[in-house]
Q: 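Below you will find the structure I want to go over with you.
Computation of the quantities below employed the complete heavy-atom set of this structure, encompassing side-chain atoms and omitting hydrogens, waters and symmetry-equivalent molecules. In the text below, chain A, chain B and the rest are named by the order of the sequence lines, each starting its count at 1.
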Number of protein chains: 2
Amino acid sequence: MARAGLDKETVIRKAAELANEIGYDKITLKLLAEHLNVQPPSLYNHIKGIEELQKEIMLFGWRQMDQAMTDAAVCVSGYDALEAICRAFCKYATENPGVFNAMLWYNKFESEETQNATKEMFSIIYKAFTMLNISKENSEHLIRTYRGFLEGFALLVNNNAFGNPVSIEKSFEISLRVLIAGTKALEGEK
Amino acid sequence: MARAGLDKETVIRKAAELANEIGYDKITLKLLAEHLNVQPPSLYNHIKGIEELQKEIMLFGWRQMDQAMTDAAVCVSGYDALEAICRAFCKYATENPGVFNAMLWYNKFESEETQNATKEMFSIIYKAFTMLNISKENSEHLIRTYRGFLEGFALLVNNNAFGNPVSIEKSFEISLRVLIAGTKALEGEK
DNA sequence: TGACAAAACTATTCGAATTAGTTATAATGT
DNA sequence: ACATTATAACTAATTCGAATAGTTTTGTCA
């Protein structure tokens, strides 16, 4: 029978890879099984079903994003740190469109696991704000501002929503300038 | 045989309604047919299949969004207009979560139709910028900033991604303050 | 070496989308 | 008013993917 030697981690990594290559919503267990040289039912030894697979792709992505953002913030401080974190987010999201797509649906699977996956990560941004003399309350709100922009911008990029030939990189840089200028206006408040 | 008297518009409106009620990804032709008191194959007299239905829900949403944003901008000017447009976006998106979900995937269906659906609409924001002494080039970039934030923020709200009890309305207001303060910093430039 | 758990398999069921082919209804023109 | 025709519904059947049940093989460990 020539055992394939799969485990959960391998299955998820391959699914993530496939998602980036052919698109998140094109993934089927049949296709994934083919790419792992296995029959579809065999996957059930490692995952409960397609829903769990999707959840695992999402968690996998947020773990990697966490890592990328943390890495970006070492040995940097102030607004430079904030910028570096934002760039890391955008880079990961646009280089992994399939996985990022999965990451957007936190709540399709209500669970503490899901909540914690992102809460932990965005505490990095929170930390950056407190270094900048932004009040605790304003930081809570600002995290949402930044999260909103970052997720939305990456989503639009991944969907080719920006039709015209204007440089996307430049748009991102100007967006950062805008956000940071606006953030500075909140320094020391309340 | 008691004809149901459907037409494309009715089918799409009901699908949009259903999407808002039970969630975009829960929609099936079977379910939609039930709600229209019809057998599933009968729907094919009005739509080509589930993909076209999804595209039509998306276009339907963007048309309504266009209307809501335009309405918000009449008889207002300057930064007030910009704010009003943003609030209208957020309001429609969060009050119509199922339809908004469909609206996010422009490019699942590549077509001029799709591109035009949003291009036309965001020209309202563009117009607002030119009134504010923002250069043409910066306006192009700023539209992307605002689109990114608005779509991302609404997406996060709709997915309950904001775990803590901090007021979402207040977060949105502060976000607008930040964006507008940042936008003012670009006035007159280049 | 024998027993057991893990990981693969085959065969089957289920449900949703879709297609083919048919029939009834409503609108149109004479 | 009646014949014609297009439309909009139907039933029946096919396809495809997910999922389950039950079986066989493989590897590990007492």
Q: Would you call Asn164(B) and Arg144(A) a side-chain contact if the rule is heavy atoms closer than 4.5 Å?
A: yes
Q: May I ask you to evaluate whether Ser42(A) reaches the phosphate of dC9(C), defined as a side-chain N or O under 4.0 Å from OP1 or OP2?
A: yes
Q: Between Arg177(B) and Glu83(B), is the closest basic N to carboxylate O distance under 4.0 Å?
A: no
Q: Over how many whole Å does the gap from Leu6(B) atom CG to dA26(C) atom P extend?
A: 13 Å
Q: Once you build an axis from the first five pairs and another from the last five of the helix from dT1(C)-dA30(D) to dT30(C)-dA1(D), how far apart in angle are they, to 10 degrees?
A: 10°
Q: Find the distance Glu52(B):CD to dT19(C):P and express it as a whole number of Å.
A: 12 Å
Q: Hey, could you give me each pair passing ring-ring contact (aromatic ring centres under 6.0 Å, His included) that has a residue in residues 118-145 of chain A? Not counting sequence neighbours.
A: Phe129(A)-Tyr146(A)
Q: Under 3.5 Å, is there a donor-acceptor pair between the Ser42(A) and Asn45(A) side chains?
A: no
Q: Could you give the NZ-to-P distance, from Lys26(A) to dC16(D), as a whole number of Å?
A: 17 Å
Q: Roughly how far, to the nearest 0.5 Å, is CE of Met103(A) from CE of Met65(A)?
A: 4.0 Å
Q: Give every residue pair that meets the ring-ring contact (aromatic ring centres under 6.0 Å, His included) criterion with at least one member in residues 21-44 of chain B, sequence neighbours excluded.
A: none
Q: With respect to the phosphate group of dA9(D), does any side-chain polar atom (N or O) of His46(B) fall under 4.0 Å of OP1 or OP2?
A: yes
Q: Who passes salt bridge (Lys or Arg N to Asp or Glu O under 4.0 Å) against Lys119(A), sequence neighbours left out?
A: none
Q: In this structure, how many angstroms lie between the C1' atom of dG17(D) and the CD atom of Glu34(A), rounded?
A: 12 Å
Q: In whole angstrom, give the distance that lies between atom CD of Gln39(B) and atom C1' of dT22(C).
A: 15 Å
Q: Any carboxylate oxygen within less than 4.0 angstrom of a Lys/Arg side-chain nitrogen, looking at Glu34(B) and Lys30(B)?
A: yes
Q: Could you list all N or O pairs between the protein and nucleotides 19-22 of chain D that sit under 3.5 Å apart?
A:
residue	atom	partner	partner atom	Å
dA19(D)	OP2	Tyr44(A)	OH	2.8
dA19(D)	OP2	Ile50(A)	N	2.9
dA19(D)	O5'	Tyr44(A)	OH	3.1

Q: For the base of dA6(C), is there a side-chain donor-acceptor partner from Asn45(A) under 3.5 Å away?
A: no
Q: Can you tell me the distance, in whole Å, between the CG atom of Leu43(B) and the C1' atom of dT7(D)?
A: 15 Å
Q: Using whole Å, report how far CG of Asp25(A) lies from P of dA17(C).
A: 15 Å
Q: Rounding to a whole Å, what distance do you find between Asp7(B):CG and dA6(D):C1'?
A: 16 Å
Q: In terms of side-chain heavy atoms of Thr28(B), which of dA8(C), dA16(C), dG17(D) is nearest?
A: dA16(C)
Q: Quick one: side chains of residues 149-156 of chain A, donor-acceptor pairs under 3.5 Å with protein atoms, not counting sequence neighbours, listed by atom name and distance.
A:
residue	atom	partner	partner atom	Å
Glu151(A)	OE1	Tyr106(A)	OH	3.3
Glu151(A)	OE2	Tyr106(A)	OH	2.5

